[in-house]
Student: 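Once you've had a glance at the structure underneath, I'll fire off some questions.
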Amino acid sequence: MNLAASDNYIEIRNLRFSRGDRVIYDDINLDIPRGKVTAIMGPSGTGKTTLLKLIGGQLCPDRGAIIVDGENIPELSRSELFNARSKMGMLFQSGALFTDLTVFDNVAFPLRVHTKLSEVMIRDLVLMKLHAVGLRGARGLMPNELSGGMARRVALARAIALDPKIVMYDEPFTGQDPIAMGVLVQLIRLINDALGLTSIVVSHDVQEAASIADYIYIVANARVIGQGAPQELMRSQSPMVQQFMQGMPDGPVPFHFPVQNYQDDLLGDLS
Amino acid sequence: MISFFRRLGQTGLSILEVFGRSGLILVQSLIVWPSIRGGVPLLIQQLYSIGVLSLVIVVVSGLFIGMVLGLQGYTILVAYGSESAIGQMVALTLVRELGPVVTGLLFAGRAGSALAAEIGLMKATEQLSGMEMIGVDPLHRIVAPRLLAGFISLPLLAMIFSAVGVWGGYLVGVDWLGVYEGSYWGNMQDAVSFSDDVVNGIIKSVVFGFVVSWIAVFQGYDCMPTSEGIGQATTKTVVYSSLAVLGVDFILTAVMFGSF
């Protein structure tokens, strides 16, 4: 089978990952279609960010394959991995801007280390990327002078600086005011379509994610509990999917963290 | 009893693991030194923030320690009428021991803690992960220049410390207490051997520079990415590197000057 020609940019097969005794993913399968915006949703603490780190090769799975554009990430050598990462852009939840560099130098950073372009060319490219996120005027600011929404837009400009094939967004909407959120939603869609990217958005904001995603995976209890286009999921009969999409406090996804019986815990022997 | 051995084994294994991880970080960050174009400006920047900015504390401490040595030496030696030997006493104490050791301790407190906190905060704010995802190895970009800057700065700082200390001893001994200037310098020149004393002192400071910077970058790189973790990393850096400097100093002294 020719993996590179497949319609899926990323194929995850039988992935198992655990931290200590806690199983984060138990034999999951996921496909990220090429050129689309795919949302990965689920309650907090189910390891959605972990999934992005697995795709980026920052964590190594217990077993299973993570095939990104034909390359199995866990099997790559260190230098091949760094090479593969230059085709990925990742937007961290905190932005992860380098605090000792200006906005301009942050966006120029990947260009300077991975290309041998002249400074004039780098300047043009950086200004183009900053213009795309509407922050060409903020080029001289330091990251601590930016608001949360602006920092994420700068991080987005940096993530697309090398024209990656895929951009991964880790909780892009968390803690944003409605205007900043609207801007980000629009930018993610626009940049995906204009640059012909593949995008993965990890989020637990149902409305926002449903409004931009072409396809949604819902992850909970170490498994994929539902998948499909946003409309299909809204109409899904599965109680777990319904609980998540409607935001109900209790249901098949339990309110309680795994714990022993309440009565035993209160009356039990303290020793 | 069995649980005691189990705990002992677990502790032993975790200590070995720490040594293994720190060794890997050291090897991986130094094995590929990036291109001259990218590397040298980063190194110069770190030499400034680690070395040049530690200069004030090193010079001031060196001056005062030299002055105290001069004063103490005089009060002891004057009883035997040999206060003219104060020059060699000050110089030997500084060059062999106090120069490298005190500079190592000051360096651990001033630069080591800053290094650990800086790298730890970069980890906590995902800057290190971000750099990895851009395809740049933070071990090469962040850790290696800081390690090398530490190796280079500490020996230089220790030399400056000793030189300023000798001058401090001169101020107290000669200018204040009236020891004959010619015997201060002359005895010093006779007693201090370049190949034994000065070179051994420099070797000590090179080793301390290596140990302190290694501990600092490892603690920062390996810390828990929380505010508590960064606090622990800086504390551990200062405690471990101070103990390491003192312990290694004893071993080196025994090897260098112990053959009677």
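Note on naming: letters A, B, ... go to the chains in the order of the sequence lines (proteins, then strands), and numbering restarts at 1 for each one.
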Student: Closest approach of Arg78(A) and Asp137(B), non-hydrogen atoms and distance?
Tutor: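 That closest heavy-atom pairing would be NH2-OD2, 2.5 Å.
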Student: Of all of Gln93(A), Met168(A), Gln58(A), Met90(A), which one pairs up most often with chain B through heavy atoms under 4.5 Å apart?
Tutor: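 Looking at each of Gln93(A), Met168(A), Gln58(A), Met90(A) in turn, Gln58(A) comes out on top.
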Student: Quick one: what part of Lys87(A) sits under 4.5 Å from any heavy atom of chain B, side chain, backbone, both or neither?
Tutor: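 No part of Lys87(A) comes within 4.5 Å of chain B.
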Student: Hey, is Lys53(A) close enough to Asp170(A) for a salt bridge, meaning N to O under 4.0 Å?
Tutor: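 So Lys53(A) does not pair with Asp170(A) through a salt bridge.
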Student: Which atoms of Leu81(A) are under 4.5 Å from chain B, going by heavy atoms: the side chain, the backbone, both sets, or neither?
Tutor: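 Contact with chain B: none, neither part.
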Student: Which residues satisfy the ring-ring contact (aromatic ring centres under 6.0 Å, His included) test with Tyr221(B), sequence neighbours excluded?
Tutor: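 With sequence neighbours excluded, Tyr221(B) shows a ring-ring contact (aromatic ring centres under 6.0 Å, His included) to no residue whatsoever.
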Student: Could I get the full list of ring-ring contact (aromatic ring centres under 6.0 Å, His included) partners for Phe98(A), not counting sequence neighbours?
Tutor: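 Result, ring-ring contact (aromatic ring centres under 6.0 Å, His included) vs Phe98(A): Phe109(A).
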Student: Taking side chain as everything from C-beta outward and backbone as N, CA, C, O, which of these in Met88(A) sits under 4.5 Å from a heavy atom of chain B? Side chain, backbone, both or neither.
Tutor: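 Both backbone and side chain.
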